[in-house]
Amino acid sequence: MERKVRVRFAPSPTGPLHIGGVRTALYNYLFARQHGGDMILRIEDTDSQRFVPGAEDYINESLKWLGIKIDEGVREGGKYGPYKQSERRDIYREHVKMLLDNGKAYMAFDTPAELEEARATRPNFQYDASTRMSMRNSLSLPADEVKRLLDEGAQYVVRFKIEPGRDVVVNDLLRGNVTINSSVLDDKVLYKSADDLPTYHLANIVDDHLMEVSHVIRGEEWLPSAPLHVLLYEAFGWGDTRPDFVHLPLLLKPDGKGKLSKRDGDRLGFPVFPLEWHDPKSGEISSGYRETGYLPEAVVNFLALLGWNPGDDSEIMNMEELIKKFTLEHCSRSGARFDFEKGKWFNHKYLQEVSDEKLAEMFVPILKANGVNPDDYGMDYIARAVGMVKGRINFVKDLWDQAKFFFVEPTEYAAKDVKKRWNADMPRIMGELVEELKKAPDMTSNVLEQEILGWIAENGYHTGNVMNAFRLTVVGECKGPHMFDITELMGKDETIRRIELGIERIKPAE
RNA sequence: GGCGAUUUAGUGUAGAGGCCUAGCACGCCGCCCUCUCACGGCGGAAACCCGGGUUCGAAUCCCGGAUUCGCUACCA
């Protein structure tokens with residue numbers, strides 16, 4: 001097994017890339033990079049019915065945003081192209097013929113209605129060795145009849161002729177040998193004459209072989225059809241170069257039953273797509289991780305740990321570390337429930353690593369959206385404000401809630417805090433505080449702190465009460481960073497202005 | 001229904017016969033820090049699907065059952 005590692009991510013452009021698909025792509029990528037292999041992106045657009053315009057661009061953009069780099073693909077090129085299946089018709093046609101010629105497949109003329117009827121009338125109907133002679137195909141029909149149908153231009157499909165009674169062994173790197181008897185497999189459709197396109201099964205095997213794919217890492221939903229794929233490799237005579245299989249567990253709903261779906265996101269209020277998606281048909285908009293305020297690094301880290309662990313207690317790992325530590329041995333075999341809360345935590349962690357300056361830049365659009373002109377303050381001011389509150393945010397957008405008082409005066413004062421902290425003496429005491437502030441030569445945090453705390457002590461005031469009332473006038477509620485850090489940044493004039501505003505506007509409860 | 005996979009706290013997981021009075025993380029609760037709210041630090045509640053075996057000894061091995069998930073299309 002000296003073969004070069006080559007893996008592929010092969011989505012079909014039938015809609016936005018699902019977060020589960022993203023994880024599959026990520027695992028492929030980690031595996032490829034770790035082994036110095038190649039990562040192929042193949043577009044499986046063999047279903048002309050379900051094709052959605054824009055989906056392919058969406059896939060590319062998503063992977064790019066996440067930092068999953070493609071070595072070969074439609075955009076990147078490569079010597080095994082084309083990488084879009086709809087452009088490989090000649091190749092498939094040729095391979096279908098190979099199978100037809102060596103008797104591994106046959107043509108079936110049954111109409112959809114006929115198939116439907118067979119399924120409805122016969123219990124447990126399956127198109128296989130036990131039933132195929134009773135259907136209309138090139139095996140059951142006389143040769144001249146088949147020829148006549150073909151000459152008439154009758155539509156047909158090519159089905160794989162599965163020999164029954166054989167135990168087919170799929171060696172899965174994660175699950176070991178999975179054995180399925182060929183009798184339970186049906187004669188899968190490999191090719192449809194109607195649109196001159198193969199189905200997934202045929203295209204997948206032909207492409208993986210031609211593209212010299214060494215490892216097929218895909219979702220568990222493919223496990224039941226893996227024996228069929230093994231048989232297909234054999235039918236083509238490619239048994240000895242067949243890739244290794246890895247069937248990853250699925251991502252499950254945070255609650256209830258079943259795998260994670262688009263609906264869950266809508267219902268529980270979190271994104272299931274990497275990027276925001278505008279459905280071209282319905283006009284419906286689905287939220288994305290990027291637009292929700294996630295850092296791509298956080299999404300990658302979070303996703304990596306859903307179904308895999310590094311074997312030690314580390315949790316925060318960047319792409320480079322993930323590549324280094326990734327191993328199939330530490331992938332789990334059971335579905336992982338999607339935990340949105342943990343995702344938030346990862347984003348929080350990554351946000352802490354972003355510099356105040358960078359965070360300030362990310363905050364600018366939000367400031368503008370809230371009617372604040374960033375130029376009135378300057379980037380330095382914004383960065384310092386952001387630096388004071390970033391420890392308490394999970395998303396960039398949380399910055400507004402935590403830091404808005406740096407930019408706009410309080411319009412209302414939290415009733416609960418007013419009740420607790422604003423007694424009848426406060427207007428007077430705050431008036432005195434204003435006088436103290438006016439006298440203060442220096443607004444530097446620790447200098448002013450010493451001074452004001454000294455003044456409070458001299459007058460025998462209660463520190464907590466005075467400080468919180470002070471905070472109430474400046475912030476509007478009793479929360480936020482160290483009070484004197486706030487006033488240092490805000491400056492003397494603004495601080496005094498807010499206290500006076502508070503004296504005027506805050507009415508003692510009771 | 002058939003076939004396959006799966007099963008450790010609410011969630012993600014560690015654990016590959018004695019190191020397990022089952023570890024870590026998120027979430028939850030409490031304490032500390034403190035002018036407040038957070039952050040952070042410390043601590044707490046919380047799990048081996050069930051039943052049989054094998055063994056001196058089982059979360060770990062065997063058998064049976066149950067569970068959950070997937071597949072069962074001229075979709076991928």
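Here the structure is a predicted model, which is why all the values come from computation and not from measurement. Here is how names work: the chains are called A, B, and so on, in the same order as the sequence lines, proteins then strands, and each is numbered from 1.
- Using a 4.0 Å heavy-atom cutoff across all strands shown, A:G311 reaches no nucleic acid atom at all.
- In terms of phosphate contacts, A:N124 brings no side-chain nitrogen or oxygen within less than 4.0 Å of OP1 or OP2 of B:G1.
- Using atom C1' as the reference point in both B:G17 and B:C62, the two lie 13 Å apart (nearest Å).
- Look at B:C31: its Watson-Crick or wobble partner, with both distances under 3.5 angstrom, is B:G41.
- A:R333 places none of its side-chain heavy atoms less than 4.5 Å from the side chain of A:E220.
- Heavy-atom neighbours of A:E321 CD from other residues, nucleotides or ligands within 6.0 Å: above the threshold of 12.
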Which is it for A:N318 and A:Y350 under the side chain to side chain donor-acceptor pair (under 3.5 Å) test, yes or no, and what are the steps along the way? CA-CA 10 Å; A:N318 60 27; A:Y350 276 88; over 6 Å; no

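- Nucleotide B:G40 holds its P atom 5 Å from the NZ atom of A:K349, rounded to whole Å.
- A:S182 comes within 4.0 angstrom of no nucleic acid atom, judged by non-hydrogen atoms across all strands.
- The shortest distance between the side-chain N/O atoms of A:H330 and the OP1/OP2 oxygens of B:G15 is below 4.0 Å.
- If you check every strand for non-hydrogen atoms under 4.0 Å, A:K390 touches nothing.
- Listed pair A:T46 / B:A76 meets the phosphate criterion, a side-chain N or O lying under 4.0 Å from OP1 or OP2.
- Aromatic rings of A:Y294 and A:F395 (six-membered ring for Trp) have centroids within the 6.0 Å cut-off, being under it.
- For B:A73, the base has no donor-acceptor partner in the side chain of A:K188 [N/O atoms by modelled type, under 3.5 angstrom].
- To the nearest angstrom, C1' of B:U72 lies 15 Å from CD of A:E220.
- Taking the six-membered ring for Trp and the full ring otherwise, the centers of A:W222 and A:Y200 sit less than 6.0 Å from each other.
- Distances shown here put every side-chain N or O of A:R50 at or beyond 4.0 Å from the OP1 or OP2 atom of B:A76.
- Side-chain proximity of A:D313 to B:C3, B:G23, B:U6: nearest is B:G23.
- Using P as the reference atom, B:C39 and B:C26 are 11 Å apart when rounded to the nearest Å.
- Within 4.0 Å of A:D417, counting heavy atoms only, lies no atom of the nucleic acid at all.
- Contacts of A:G219 with the nucleic acid, taken as non-hydrogen atoms under 4.0 Å apart, are absent.
- Distance noted for atom C1' between B:G2 and B:U7: 22 Å (whole Å).
- At the heavy-atom level, A:S193 lies nowhere under 4.0 Å from the strands shown.
- The shortest distance between the side-chain N/O atoms of A:R175 and the OP1/OP2 oxygens of B:G70 is not below 4.0 Å.
- Not less than 6.0 angstrom separates the ring centroid of A:W308 from the ring centroid of A:Y27.
- Rounding to whole angstrom units, CZ of residue A:F338 and P of B:U68 are separated by 23 Å.
- By the neighbour-count criterion of 12 heavy atoms within 6.0 Å, atom CD of A:E116 is sparsely surrounded, having that number or fewer from other residues, nucleotides or ligands.
- One interatomic measurement links the two molecules: CD1 of A:I180 to P of B:G4, which rounds to 7 Å at whole-angstrom precision.
- When the P atom is compared between B:U55 and B:A47, the two are found 31 Å apart, to the nearest whole Å.
- Residue A:R337 is classed as a sugar-phosphate contact, given heavy-atom separations below 4.0 Å to backbone atoms only.
- Remark: A:D196 engages A:R89 in a salt bridge, criterion side-chain N to carboxylate O under 4.0 Å.
- Separating the C1' atom of B:G40 from that of B:A45 is a span of 22 Å, rounded to the nearest Å.
- Within residues 478-487 of chain A, the residues approached by RNA chain B to less than 4.0 Å at the level of any non-hydrogen atom are A:C478, A:K479, A:G480, A:P481, A:H482, A:M483, in residue-number order.
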How far apart are the C-alpha atoms of A:E353 and A:K349, what are their side-chain angles, what is the distance that settles it, and do they pass the salt bridge (Lys or Arg N to Asp or Glu O under 4.0 Å) test? CA-CA 7 Å; A:E353 301 304 312; A:K349 284 294 194 188; over 6 Å; no

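- The residue A:A194 sits apart from the nucleic acid: no heavy atom pair falls under 4.0 Å.
- The CD1-P distance, from A:I456 to B:C35, rounds to 10 Å in whole Å.
- Put simply, NZ on A:K253 is 15 Å from P on B:U68, counting in whole angstrom units.
- Listed pair A:K257 / B:U68 meets the phosphate criterion, a side-chain N or O lying under 4.0 Å from OP1 or OP2.
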After noting the C-alpha distance and the side-chain angles of A:S314 and A:K325, does the key distance pass the side chain to side chain donor-acceptor pair (under 3.5 Å) rule? CA-CA 10 Å; A:S314 36; A:K325 292 190 169 191; 2.8 Å; yes

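- In this entry B:C48 has no Watson-Crick or G-U wobble partner, no candidate having both defining distances under 3.5 Å.
- Remark: A:S225 is not in phosphate contact with B:C71, judged by side-chain N or O atoms under 4.0 Å from OP1 or OP2.
- Taking atom CD of A:E116 as the reference point, atom C1' of B:C74 lies 13 Å away to the nearest angstrom.
- Note on A:R119: only backbone sugar-phosphate atoms sit closer than 4.0 angstrom, heavy atoms only; bases stay farther off.
- A:V178 comes within contact range of the sugar-phosphate backbone alone, with a heavy-atom separation under 4.0 Å but no base atom that close.
- Base contact: A:L115 has a heavy atom under 4.0 Å from a base atom.
- At whole-Å resolution of the value, CG in A:D186 and C1' in B:G2 are 12 Å apart.
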